[in-house]
Amino acid sequence: MNAFWIILTGALVATSCGLLGTFLILRKMAMVGDAISHAVLPGIVIAYLLSESRDVLPMLIGAAALGVLTTFMIEFLYQKARLQIDASIGITFTWLFAMGIILISLYAGQVDLDQDCVLYGEIAYVPLDLWITESGRSMGPRPVWILGGVLLLILLLIIVGYRGLKITTFNPEYAAAVGISTVFWHYLLMSAVSVTTVVAFESVGAILVVAFLIVPPATAYLLTEKLQQMLLLTVGLGLLTAVSGYYLAVWIDGSVAGAMAVTSGVFLLLAVLFSPSTGVLTQRFRSRYPLRVTETGK
Amino acid sequence: MKTAIETHNLTVAYNRRPVLWDIDFQVPEGQLIGVLGPNGSGKTTLLKSVMGLVQPSSGYVRLFGQSLDEVRSRISYVPQRESVDWNFPISVREVALMGRYRKDKLLGRLSREDHRLADEALEKVGMLPFADRQIAQLSGGQQQRVFVARALAQQADLYLMDEPFAGVDAASEEAILTLLQDMKQAGKTVLIVHHDLHTAHQFFDWMVLLNTRLIKCGPTPAVFTTEYLRQAYGGQLTILSQVADLVKARDFPVRERSFKDQPK
């Protein structure tokens, strides 16, 4: 049963992150996702300190606020201070993350967060964190319920807002010309990334969140030419990564989050080598047997 | 003739450096209008400020005598081809369908009519056979035609196109030119940012000649003269000599007649 809960947690994180990550990498903002996933830390700590509890809601509000602040800071450094975009991202998230670490070390007694846990998470403990109702009935692990709720919200956002996200990602200038607010969709997506990150954070850690945000969508990007397929493929790859990563961890008796991040990288490598359109080996094969090119040409 | 676009004292600055300075002009409905000027003369900025994409430091724009928000559905914009990533996972048909996206019905479903209009627009630019291709598989000219199709699908009255002929093959240029004539016949107004002086006087009925300031706006014969071109292009000698040739070429029929009159 523990295996089931751990894999389910990984799969929920992979799906939520993958769906949002698809739009991030198409917006060339993969590293913004990385930045947000680290920079929400002070938001979580402040929310803990203010609410003096581990309730989900204050945590989400704190994280979403910091996430939006992160994008705001990056934009400010890039546009107003005229720094390069990658420098702006690097400055923003290391600074905010470090602030979070300082806060944790200052209030170590009051904050139920561990510095290692922040980076690597501990997905293996998920089955221990049970949600027990007032009547004493166990409803299964608490993180699974929270992650499930967040996934529903993200599905809602992507299904209902599909066209808004698509047009503002593909051609923001044109979207603005039609009268669609690119700023609204930008901050909506960024808030969703922040909320997902903070929820996923506790169970899988910042590193696996980033891996799930970027690697499965990047793999899907190499394999398909349609946005809808890319989203579905990302979800499929995320599920596959969660399952195979878990069993890899069991086999080597190592970190589950680490194993999941590694397997996602392995799938990416396979796509790099064998993608039908851009694969390194596929192209070599084609140039050696050029007849195949005419078959796929038309 | 009714006025399609008018600007008043339009000034736009980036980082306090003026790109457009005190631009005042009016262009009539139902014409093909070229916006010309040297590189960095503010052509694209003019288009973007008409479309509300850049905020003017002063001055304002009226479209069909109203503000942009009142007539937005009647205006269609074709941005520069470089403004998007052509490796984006999206098909030709999906791009054309974006012409049917509206601010107020972004969340609802697209109707059958929307799909029909998108396909009709692709048909008009000769891109319907490519409808299911990913946009990365198209040539530059075909990509430009897809952009034009998206604007057509919007069913607007005024079209603003940014360099639709840049880097375009002969077939695509021909397709777009034919389409522009059809649009003019249908009473549409098209404002086009164009960089190539060699073709400009054949393409356009009206011209807006810019170099940060407005040099001249009016019917092509009145604007496309050595005097105004010299003012716009200033000291750019190579261009100037080309300009002289062009103006000569335009006057050629007249000269031919005078040749005949002369004894051989």
Side-chain angles (χ1 to χ4, degrees), chain A residues 22-30 79-82 156-185 188 217-234 275-278 293 296-298, chain B residues 14-15 44 47-48 50-54 68-73 75-95 97-110 114 129-130 132-137 146-147 150-151 153-154 156 159-160 162:
Chain A
T22 300
F23 288 99
L24 287 181
I25 71 162
L26 290 175
R27 285 169 177 249
K28 317 220 184 312
M29 292 174 71
Q79 309 251 346
K80 297 280 186 283
R82 315 213 131 255
L156 192 73
L157 165 69
I158 288 189
I159 292 168
V160 176
Y162 180 69
R163 259 181 275 134
L165 286 168
K166 181 158 110 174
I167 195 170
T168 52
T169 304
F170 175 62
N171 197 349
E173 237 179 18
Y174 177 81
V178 183
I180 295 166
S181 168
T182 51
V183 174
F184 169 78
W185 289 99
L188 191 61
T219 313
Y221 177 78
L222 292 175
L223 296 176
T224 175
E225 295 173 341
K226 285 222 151 113
L227 182 53
Q228 272 170 347
Q229 282 175 14
M230 188 174 159
L231 287 164
L232 291 175
L233 207 57
T234 300
S275 154
S277 52
T278 54
V293 176
T296 51
K298 282 274 158 175
Chain B
Y14 292 134
N15 301 313
T44 294
L47 216 62
K48 285 187 178 175
V50 170
M51 207 63 247
L53 298 174
V54 294
L68 173 65
D69 280 323
E70 289 169 300
V71 289
R72 201 185 280 276
S73 62
I75 323 289
S76 188
Y77 174 57
V78 182
Q80 274 181 22
R81 190 152 50 87
E82 292 78 33
S83 67
V84 305
D85 171 13
W86 290 93
N87 288 315
F88 199 90
I90 192 171
S91 71
V92 167
R93 180 175 278 121
E94 285 175 279
V95 176
L97 266 174
M98 282 184 180
R100 303 302 305 159
Y101 288 16
R102 290 287 175 282
K103 187 183 171 184
D104 46 342
K105 50 173 207 178
L106 200 57
L107 306 183
R109 290 181 70 86
L110 289 172
D114 290 326
F130 300 88
D132 294 316
R133 289 261 185 112
Q134 192 208 350
I135 53 171
Q137 299 167 8
V146 174
F147 258 24
R150 177 175 66 180
Q154 219 180 310
Y159 294 80
L160 306 167
D162 201 345

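So that the names make sense, note that chain A is the first sequence line, chain B the second, and so on, each numbered from 1.
- A search for ring-ring contact (aromatic ring centres under 6.0 Å, His included) contacts involving Tyr174(A) returns nothing, not counting sequence neighbours.
- Around the CD atom of Gln228(A), the shell of radius 6.0 Å holds no more than 12 heavy atoms that belong to other residues, nucleotides or ligands.
- Interface remark: of the candidates Leu227(A), Asn171(A), Ile180(A), Val178(A), Asn171(A) forms the most heavy-atom pairs closer than 4.5 Å to chain B.
- The shortest non-hydrogen separation linking Ser91(B) to Lys226(A) is CB-CE, 4.2 Å.
- Within the 4.5 angstrom heavy-atom criterion, no atom of Asp69(B) approaches chain A.
- Taking CD1 of Ile159(A) as the start and CG of Leu107(B) as the end, the distance is 13.0 Å to the nearest 0.5 Å.
- Rounding to the nearest 0.5 Å places CD1 of Ile90(B) at 10.0 Å from CG of Leu26(A).
- Heavy atoms of Thr169(A) lying under 4.5 Å from chain B belong to its backbone as well as its side chain.
- Residue Lys166(A) touches chain B through both its backbone and its side chain, counting heavy-atom pairs closer than 4.5 Å.
- At least one side-chain heavy atom of Lys48(B) sits less than 4.5 Å from a side-chain heavy atom of Glu173(A).
- Heavy-atom pairs under 4.5 Å with chain A were tallied for Val78(B), Val84(B), Leu160(B); the largest tally goes to Val84(B).
- Between Arg163(A) and Met98(B) there is no side-chain heavy-atom pair separated by less than 4.5 Å.
- Of the two parts of Leu53(B), only the side chain, counted from C-beta on, holds a non-hydrogen atom closer than 4.5 Å to a non-hydrogen atom of chain A.
- For a residue to count as touching a neighbouring chain, one of its non-hydrogen atoms must lie under 4.5 Å from one of that chain's; by this rule Arg82(A) touches chain B with the side chain only.
- Counting heavy atoms from C-beta on, the side chains of Ile135(B) and Glu225(A) never come closer than 4.5 Å.
- In this view, Phe170(A) and Phe88(B) satisfy the ring-ring contact (aromatic ring centres under 6.0 Å, His included) rule, not counting sequence neighbours.
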